[in-house]
Enquirer: 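Here's a structure for you.
Order of the sequence lines sets the chain letters (A, B, ...), proteins ahead of strands, with each chain counted from 1.
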2 protein chains.
Amino acid sequence: MVGNIPKIDKFDIEILSILRTEVRTSVLEISERIGLSATPVSRRIRRPEEQGIITRYAALIDEAKLGYEVSVFVSVKLDKQVDDSLAAFEAAIQDFSEVVDFWLMTGNRDYVLRVATRSLADFESFLVGRLTRVRGVASIESSIP
Amino acid sequence: MVGNIPKIDKFDIEILSILRTEVRTSVLEISERIGLSATPVSRRIRRPEEQGIITRYAALIDEAKLGYEVSVFVSVKLDKQVDDSLAAFEAAIQDFSEVVDFWLMTGNRDYVLRVATRSLADFESFLVGRLTRVRGVASIESSIP
DNA sequence: GTTGAAATCCTCTGGTG
DNA sequence: CACCAGAGGATTTCAAC
C-alpha cells in the first residue's frame, strides 16, 4: 500500500511537537519532559527522519534584522498556453534568492511566493526585472504582511 | 540606534545559508566547506542566535505523511469594531494545533493562516466549529495549495 | 579583535540485562 | 525500556597574528 500512515503514539507526537519549534532541545531534556529514557527517544527521532516525515531541519532567519525589511506575498498566475510552464517556472524561481518560499495552489497554474528584499525598490526591481520576465507568467498580484 | 543592521561578512552569509536548509551540518563540516576552523564557525553561529537573527531551529514536518493531507491557506479579515481583536485573535489561533503558520498582512486586520488537517471534513469542522467562532472574525476565504 | 589548535566537556548511540 | 560504557562532536581556553 502506498501512502501508508505510520503508527504514531503519544510519545511520538510529543517529540514531534517539541522538534517542530525547538530542534536544539537535547535528547536528555526531551526524555525528561516526556518521561522516557534517552535511548527510545533517540530511536523515535531517527524513525521519522528515515520515513521522510521530518523533511529537514531548518534555521529560521529573521530577514528584517539582516536588512531584508520587505517581505511580500506574491500571487502568480501562469499562462495556460505553455505546457511545461510549471516545471520551467519552478526551476526559475528556485534560482531567485529573493524567493523564500513558494506553494502551488489548486487550479495548477496559480503560485504563491514569499519574497524578501532589502527595500521596496529592490522588490520592485525584482518584480519587473526578473519575475515578470519568467516565461509563462500571465499576471501577478502582491500583498504585504 | 534601534533596528541597526549587524555587519555580516561573506563567511556569515555562507554559514546562514547552510543553516537555513541543513541545520544538522556539523561545525566541522561547515568549517571545511567555507575554509575556516571550527572555533570561529562556532562563534559565528552563536552570534546570530543571540542577536535574534536566527529566531529558532525547526524540524519541518511532512504533514501529508502523518495523514494531514489537507493543507489550506485561509485569509481572515477581522472586524474593525473590536479594539483588541488582533491580540485576542493571535492568542486564539496559537491554541489551534491546525494552524501551522500565520502572517499579519498590511491593513492590519487581514491575516493569512496555513491550516493542516487530516481530511477536508476535519478542515471544514475546524472552519465552522472553531475559526469562525473566534471573536472579531468578519470574513474568511480559503485557497488550497 | 579574530583566528587556529589542543583539552575538556557534553551528548549521542550501541550493547547488555 | 533502563542502565552503562564507548565514541564523536561542540565549546572553552590559550597562544599567535
Enquirer: Of all the choices, D:dG9, C:dT3, D:dT11, which nucleotide is nearest to the side chain of B:Leu36 once you look at every atom?
Expert: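 Between D:dG9, C:dT3, D:dT11, the one nearest the side chain of B:Leu36 would be C:dT3.
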Enquirer: Could you tell me how far apart A:Phe11 (CZ) and D:dA2 (C1') are, to the nearest whole angstrom?
Expert: 13 Å
Enquirer: Tell me: CD1 of B:Ile15 to P of C:dT2, nearest whole Å?
Expert: 13 Å
Enquirer: State, with a plain yes or no, whether a side-chain heavy atom of A:Asp9 is found less than 4.5 Å away from one of A:Arg44.
Expert: yes
Enquirer: Using every non-hydrogen atom in the two residues, find where B:Gly129 and B:Arg133 come nearest and quote the distance to one decimal.
Expert: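 Minimum heavy-atom contact is O-CD, 3.2 Å.
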Enquirer: Check the distance between D:dG9's P and A:Arg24's CZ and give it to me in whole angstrom.
Expert: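 For the pair A:Arg24 CZ and D:dG9 P, the rounded distance is 15 Å.
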Enquirer: Could you please name the option among C:dT13, D:dA2, D:dT11 that lies closest to any side-chain atom of A:Pro40?
Expert: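 Selected nucleotide: D:dA2.
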Enquirer: Just the table, please: protein N/O against nucleotides 5-10 of chain C N/O, every pair under 3.5 Å.
Expert:
| residue | atom | partner | partner atom | Å |
| --- | --- | --- | --- | --- |
| C:dA5 | N6 | B:Thr39 | OG1 | 2.6 |

Enquirer: Search all heavy atoms of B:Leu78 against all heavy atoms of B:Ala138 and return the closest pair with its distance.
Expert: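 Smallest heavy-atom distance, with atoms named: C-CB, 3.8 Å.
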Enquirer: Whether B:Asp79 and B:Arg135 form a salt bridge (side-chain N of Lys/Arg under 4.0 Å from carboxylate O of Asp/Glu) is what I want to check.
Expert: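 The answer is no: the pair does not qualify as a salt bridge.
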Enquirer: I'd like to check A:Glu141 versus A:Phe73 (side-chain heavy atoms, cut-off strictly below 4.5 Å). Are they in contact?
Expert: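 Heavy-atom side-chain distance check fails, nothing below 4.5 Å.
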Enquirer: Using heavy atoms and a sub-4.0 Å distance, could you list which residues of residues 43-60 of chain B are near DNA chain D? By number, please.
Expert: B:Arg46
Enquirer: Are B:Leu28 and B:Ser31 packed together at the side-chain level, in the sense that at least one heavy-atom pair is separated by less than 4.5 angstrom?
Expert: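 Contact flag for B:Leu28/B:Ser31 side chains = yes.
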Enquirer: Assert yes or no for the condition that the ring centre distance of B:Tyr111 to B:Phe89 is strictly below 6.0 Å.
Expert: yes
Enquirer: Quick one: closest heavy-atom pair of A:Ser37 and A:Val41, and the distance?
Expert: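 Reported closest heavy-atom pair: O-CG2, 3.4 Å.
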Enquirer: Can you tell me how far P of D:dG9 sits from CD1 of B:Ile30, to the nearest Å?
Expert: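 Computing the B:Ile30:CD1 to D:dG9:P distance gives 13 Å.
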